[in-house]
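When a ligand or atom number is given, it counts from 1 through the structure's own listing order.
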Amino acid sequence: MEINVLPLFSFVLVLVSTATNVLSAQVTVNVDLHRSRNTITDRFIGVTIDSVQIQQSWVADSIKSQKALNVARALSPSFLRVGGSHADSLNYAFTHSGHSHNDLTAQQWDTINAFVKTIGWDFIFDLNALQRNHDGSWNPDNARELLKYSAAKNYTIAGFELGNEYENYPSNFHTTVTPEQLAKDTVVLQSVLKEFPHYYSSFIVGPESSAGYPGHFQGFLQAGGWKPIRAASFHHYYFGGSHHNLSLFTDLGKMNYFAQHLDSVFKQSGSVDPRLPVWVSETSSAFGGGVPNMSDRFVAGFLWLDKLGVCAVKGVESVHRQTFYDRNYSLVDKNFNPNPDFWLTVLYKRIIRGAVFDVTGRDDVRVYAACANTEHFPGGSLVVYMLNPNKSAVTFYLPQLEHQPRLRYSFTAGDHDGLLSKFISLNGHKLELVNDKVPDMKPEAAPLGLLTVPAYSYTFLVFTQAQVSICLH
Ligand SMILES: *[C@@H]1O[C@H](CO)[C@@H](O)[C@H](O)[C@H]1NC(C)=O
Ligand SMILES: *[C@@H]1O[C@H](CO)[C@@H](O)[C@H](O)[C@H]1NC(C)=O
Ligand SMILES: *[C@@H]1O[C@H](CO)[C@@H](O)[C@H](O)[C@H]1NC(C)=O
Ligand SMILES: *[C@@H]1O[C@H](CO)[C@@H](O)[C@H](O)[C@H]1NC(C)=O
Ligand SMILES: *[C@@H]1O[C@H](CO)[C@@H](O)[C@H](O)[C@H]1NC(C)=O
């Protein structure tokens with residue numbers, strides 16, 4: 001039986017004064033189940049590491065660590081994007097042993113390729129765009145060396161990028177590359193890939209410019225950059241790593257600003273080619289490595305989950321979290337113990353797959369809906385997830401789904417450090433590796449009726465008998 005879709009209402013907010021006189025709000029939620037806004041694939045969420053990381057020993061060490069492999073594999077399938085500012089300094093020194101710290105040696109390259117192959121991730125490599133000829137055009141000779149070497153080793157490389165945040169070249173590298181030039185260079189990269197049967201069908205994404213530089217993002221696409229690419233890619237951070245300000249991490253204004261920003265990005269790419277997919281190819285809470293003791297704590301999940309929800313409903317094809325490893329915004333710590341966002345990311349990847357639905361609502365409560373992954377739930381199952389970044393509990397009423405049995409994944413801070421907790425709890429149980437393995441994250445049955453989402457928490461509901469027709473296959 002298909003569920004009856006009620007006409008859309010606006011959210012109704014009723015303030016109820018509780019016995020303790022703490023305000024709590026009741027919100028009515030309706031989901032438009034007739035129309036899909038996007039399709040979530042198994043590669044909707046990817047991860048990144050910085051190029052400088054592949055020159056460090058942890059990659060080689062982690063291949064030997066069963067714990068590291070277990071943790072990384074829990075995110076599979078996934079893109080791994082290796083890039084960042086250091087990408088534009090790297091010299092591929094495969095024919096001689098590297099001398100400078102900008103030399104990527106054959107051994108380091110072998111190691112990262114073994115790493116992605118062992119884990120089963122799809123490798124995306126950001127090529128150095130600053131190896132240039134006197135006329136300012138990109139010189140692909142060194143990239144060709146990397147491709148030749150990689151082809152001989154039979155390395156699979158899913159995709160390539162050319163350069164990183166080229167709008168910052170004047171300040172970071174005292175050089176300028178125009179949008180027109182980068183577009184031409186990207187066409188050259190495409191033809192270079194075609195020289196290698198191994199990389200004939202590898203894709204390119206670009207321009208890898210950061211948010212808020214329309215001249216560089218749209219300008220690249222308009223100058224012909226849209227032709228060689230599979231997706232228009234940009235980077236996004238809400239604020240800088242020096243902002244030691246906890247309330248920024250639950251700030252609705254930041255969330256809304258990102259949603260508006262995404263509209264602008266789609267407008268820019270759509271004006272060039274409305275069918276061009278959009279990727280957020282490097283993104284996290286705060287740039288410059290994240291905010292110490294915040295970007296890797298429980299509180300980071302609010303901006304991260306809201307970003308996933310906004311990207312899903314607005315049509316982004318893939319979102320790459322900066323970073324899997326290292327710095328203050330990583331998904332795992334130095335010893336490969338998961339940070340709270342790791343668990344959130346793994347759960348999102350496991351349970352959400354397929355169509356995304358509009359949810360009518362207010363801006364100050366964040367509710368998203370999508371089909372459940374039919375590998376784990378019956379066809380037609382629906383996921384509704386809600387964030388409560390507020391200091392009071394919020395009660396949700398879902399009239400369309402009022403009589404539907406549901407499972408609940410309720411995430412709260414993992415210990416008394418609250419928002420600053422290094423841990424996260426699922427349905428009241430702190431999540432940790434068990435014998436160095438990632439345990440199953442099990443839902444619990446949630447009784448019918450109103451659903452209360454506690455202060456500073458987020459909840460995924462799975463309606464396993466909803467029989468939503470768009471979610472049946
Ligand atoms: C957030 O909490 C404040 C009180 O702390 C309350 O006035 C407001 O209605 C709450 N917002 C929502 C959406 O629950
Ligand atoms: C090269 O890699 C592909 C894809 O991983 C694999 O199917 C093929 O057998 C490999 N060939 C050799 C010679 O190792
Ligand atoms: C912290 O961020 C909030 C916005 O969430 C802002 O209102 C407040 O002024 C900031 N505090 C400081 C000390 O910067
Ligand atoms: C982060 O927390 C550690 C202890 O957990 C402390 O030593 C360090 O000073 C904190 N860093 C900042 C920037 O607050
Ligand atoms: C977090 O940032 C601080 C300040 O930049 C740095 O000292 C510290 O090593 C970083 N922590 C991690 C885990 O990278």
Polar atom proximity, N293 to ligand 4 (N or O, under 3.5 Å):
yes

If only side-chain N and O atoms count, and only distance matters, is there a donor-acceptor pair under 3.5 Å linking Q322 with H235?
no

Check: of V291, D296, N328, T323, min heavy-atom distance to atom 10 (C) of ligand 5 comes from N328

So if I apply the side-chain hydrogen bond (donor to acceptor under 3.5 Å, both in side chains) rule between S150 and each of W109, Y92, Y155, which one comes out positive?
W109

Quiz question for you: does at least one protein heavy atom lie closer than 4.0 Å to atom 14 (O) of ligand 4?
yes

Distance to 0.1 Å, residue and atom name: give those for the protein heavy atom nearest to atom 5 (O) of ligand 3.
D251 OD2, 2.5 Å

Heavy atom of protein inside 4.0 Å of atom 2 (O) of ligand 4, strictly below:
yes

Less than 4.0 Å between atom 8 (C) of ligand 4 and some protein heavy atom, yes or no?
yes

Distance flag, aromatic centroids of W343 and Y409, threshold under 6.0 Å:
no

Just jot down the ligand 5 atoms closer than 4.0 angstrom to any heavy atom of R327, in number order.
12 (C), 13 (C), 14 (O)

Part of L248 with heavy atoms under 4.0 Å of ligand 3, whether side chain, backbone, both or neither
both

How are the rings of F460 and Y348 set to each other: parallel, tilted or perpendicular (split at 30° and 60°)?
perpendicular

Where does the angle between the aromatic ring planes of H236 and F258 fall among parallel (under 30°), tilted (30 to 60°) and perpendicular (over 60°)?
tilted

Atom 11 (N) of ligand 3: nearest protein contact (heavy atom, Å):
N245 ND2, 2.8 Å

For S247, the atoms of ligand 3 under 4.0 Å from one of its heavy atoms are 1 (C), 2 (O), 3 (C), 5 (O)

What are the atoms of ligand 5, with element, lying closer than 4.0 Å to any heavy atom of P292?
2 (O)

Which class fits the ring pair F298 and Y458: parallel under 30°, tilted 30 to 60°, perpendicular over 60°?
parallel

Between S271 and Q218, is there a side-chain donor-acceptor contact under 3.5 Å, judged purely by atom types and distance?
yes

Fit a plane to each ring of F79 and H320, take the angle between them on a 0 to 90° scale, and name the class: parallel (under 30°), tilted (30 to 60°) or perpendicular (over 60°).
tilted

